[in-house]
Amino acid sequence: MAAPGRMRCMYIFNRNGVCLHYHVWYRPLTTLSPQQDQKLMFGLLFSLRSFTVKMDPTSNNKGHLGVPQLPGQGCSFHAFTTNTYKLSLLETPSGIKIVLVTDPGMGDLREALRYIYSNIYVEYVIKNPLYVPGEHFRCELFNAALDQYVKTLK
Amino acid sequence: MLAVESLQNAELFTLTYGAIVRQLLTDFEDVDEVNKQLDTMGYHIGIRLIDDFLSKSNVTRCTEFKETAEVIAKVGFKMFLGVTATVANWDADGTECSLILDDNPLVDYVELPETCQGLYYCNVLCGVIRGALEMVSMRTEVKWVRDVLHGDDTFEMRLKLLKQVPEEYPYKDDE
């Protein structure tokens with residue numbers, strides 16, 4: 001199976017840990033069930049955030065590890081890279097977390113994630129009158145717009 | 001050309017809102033019930049509006065209530081209603097303030113009849129703010145204290161922060 005471009009998969013979570021959307025482009029190995037996989041991903045993001053806030057050398061926060069954060073409080077991590085993939089994250093003050101897993105050579109995806117949030121998620125999901133916030137969604141227009149957009153990413 | 005278009009859109013919005021309120025009055029007949037319905041409608045709008053707002057305004061932080069009130073008044077109202085509000089009358093703790101609207105596009109052409117004197121015509125705005133703030137971890141109470149349609153000289157809503165609810169780990173540890 002030829003790897004189509006650099007994209008591997010994408011998750012969108014809300015603040016309650018509900019996986020609103022999971023999109024996969026190329027994922028040769030999956031060992032967990034979707035629910036376990038999504039829960040693991042959310043847990044990872046949550047823990048990494050707590051960890052990065054605690055380890056921030058520029059801040060003097062005295063809270064213990066795992067203190068719940070307010071939107072925008074403390075520092076926020078936006079990506080990590082391993083030898084086989086790169087994970088990029090956008091976290092909005094409304095608790096929406098968009099995670100993009102790509103090939104490790106991918107550049108900085110912060111602008112791309114903002115574009116996906118503003119022009120694809122808000123336009124096709126939030127503005128869709130049939131969508132119930134807080135639930136998993138499946139929207140053809142969203143998928144089409146997303147596929148179209150990621151083709152332009154290098 | 002653009003000014004005419006935006007005037008037409010604003011008028012359409014005002015008239016549509018008026019039609020909704022009239023329909024609610026017909027359906028529910030009781031003014032208090034309509035007030036509640038408008039607030040609930042506003043809440044459902046607010047929980048969606050917040051993402052639209054955040055995507056257009058590049059706001060990344062929502063930790064200080066004072067800052068948030070200013071952002072609602074200057075950026076939020078401007079973005080969605082085309083007018084700005086003023087923040088005033090802070091209490092000692094900094095948890096309660098007023099948003100004062102000198103210009104309110106929702107009430108253009110509106111006069112309340114005798115039978116609807118208890119109606120808070122713009123109650124939808126209270127719900128919108130409450131819904132939007134809830135999505136950014138702030139639980140609030142929003143209500144009108146001065147209303148031009150009731151004879152006051154301006155529109156004033158009272159915004160009270162009840163609690164800030166930071167993000168907790170949502171899963172139980174049993175799995």
Side-chain angles (χ1 to χ4, degrees), chain A residues 12-20 33 35-36 38-47 49-50 53 63 66-76 78 90-98 110-111 113-129 131-134, chain B residues 16 20 40-72 75-76 79-80 94-95 127-140 161-175:
Chain A
I12 302 183
F13 293 100
N14 73 355
R15 65 209 316 254
N16 298 323
V18 175
C19 183
L20 304 178
S33 79
Q35 286 91 323
Q36 286 175 314
Q38 286 154 18
K39 226 170 131 185
L40 185 66
M41 176 58 76
F42 186 83
L44 167 75
L45 299 176
F46 197 88
S47 312
R49 176 110 204 283
S50 299
V53 167
V67 164
Q69 300 292 313
L70 291 170
Q73 194 178 31
C75 67
S76 55
H78 52 87
L90 171 72
E91 203 172 335
T92 71
S94 53
I96 301 295
K97 300 174 197 0
I98 305 184
R110 275 180 282 187
E111 279 309 308
L113 283 167
R114 270 219 79 86
Y115 184 91
I116 292 174
Y117 175 62
S118 309
N119 301 73
I120 307 181
Y121 176 70
V122 167
E123 289 301 307
Y124 295 105
V125 181
I126 291 293
K127 290 186 178 175
N128 186 332
Y131 173 61
V132 178
Chain B
T16 307
I20 292 175
T40 305
M41 243 175 64
Y43 177 80
H44 287 123
I45 294 174
I47 61 177
R48 291 169 168 79
L49 197 90
I50 184 67
D51 279 311
D52 193 10
F53 173 75
L54 290 172
S55 68
K56 293 196 173 94
S57 68
N58 283 323
V59 165
T60 50
R61 196 180 55 222
C62 193
T63 49
E64 296 301 318
F65 188 58
K66 286 204 166 174
E67 195 183 347
T68 303
E70 288 293 330
V71 168
I72 296 175
V75 188
M79 195 184 280
F80 296 107
T95 58
V128 172
I129 295 178
R130 187 169 60 89
L133 287 180
E134 192 169 302
M135 300 303 280
V136 288
S137 307
M138 292 187 173
R139 229 169 265 161
T140 55
L161 176 67
L162 298 173
K163 196 168 177 218
Q164 273 186 296
V165 193
E167 276 188 43
E168 297 268 350
Y169 188 65
Y171 305 128
K172 306 271 183 303
D173 283 324
D174 49 33
E175 277 145 16

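Note that the coordinates shown come from a computational prediction; the quantities given were computed from them, not determined experimentally. First the proteins, then the strands, lettered A, B, ... as listed; each starts at 1. What you see below is based on every heavy atom in this structure, not just the backbone, and it leaves out hydrogens, waters and symmetry mates.
A 6.0 Å sphere centred on CD of B/E64 holds no more than 12 heavy atoms belonging to other residues, nucleotides or ligands. Atom CD of A/E111 is surrounded by 12 or fewer heavy atoms from other residues, nucleotides or ligands within 6.0 Å.
Interface summary for chain B: among A/Q73, A/Q36, A/R114, the most heavy-atom pairs under 4.5 angstrom belong to A/R114. Across A/Y131, A/Y117, A/F42, the residue that shares the most heavy-atom pairs under 4.5 angstrom with chain B is A/Y117. The most heavy-atom pairs under 4.5 Å with chain B, out of A/S50, A/G95, A/S94, A/S47, come from A/S94.
Residue A/Q69 touches chain B through its backbone alone, counting heavy-atom pairs closer than 4.5 Å. Only the side chain of A/I96 comes within less than 4.5 Å of a heavy atom in chain B; its backbone stays farther off. Within the 4.5 angstrom heavy-atom criterion, no atom of A/R49 approaches chain B. For a residue to count as touching a neighbouring chain, one of its non-hydrogen atoms must lie under 4.5 Å from one of that chain's; by this rule A/E91 touches chain B with the side chain only.
Contacts of B/K66 classified as side chain to side chain contact (heavy atoms under 4.5 Å, CB included), with partners at least two apart in sequence or in another chain: B/W90. With sequence neighbours excluded, no residue forms a ring pair (Phe, Tyr, Trp, His ring centres under 6.0 Å) with B/F80. B/R130 is linked by a salt bridge (Lys or Arg N to Asp or Glu O under 4.0 Å) to B/D39, counting only residues two or more places apart in sequence or in another chain.
When all heavy atoms are compared, the tightest approach of B/Y169 to A/F46 is N-CZ, 3.3 Å. In plain terms, the two heavy atoms of B/T63 and A/L70 that are nearest each other are CG2-CB, 3.8 Å. In this structure, B/R61 and A/G72 approach most closely via the heavy-atom pair CG-O, 3.8 Å.
Within residues 48-58 of chain B, the residues having any heavy atom under 4.5 Å from a heavy atom of chain A are, by residue number, B/R48, B/I50, B/D51, B/D52, B/L54, B/S55, B/K56, B/N58.
The closest side-chain heavy-atom distance from A/R15 to B/E168 is not below 4.5 Å.
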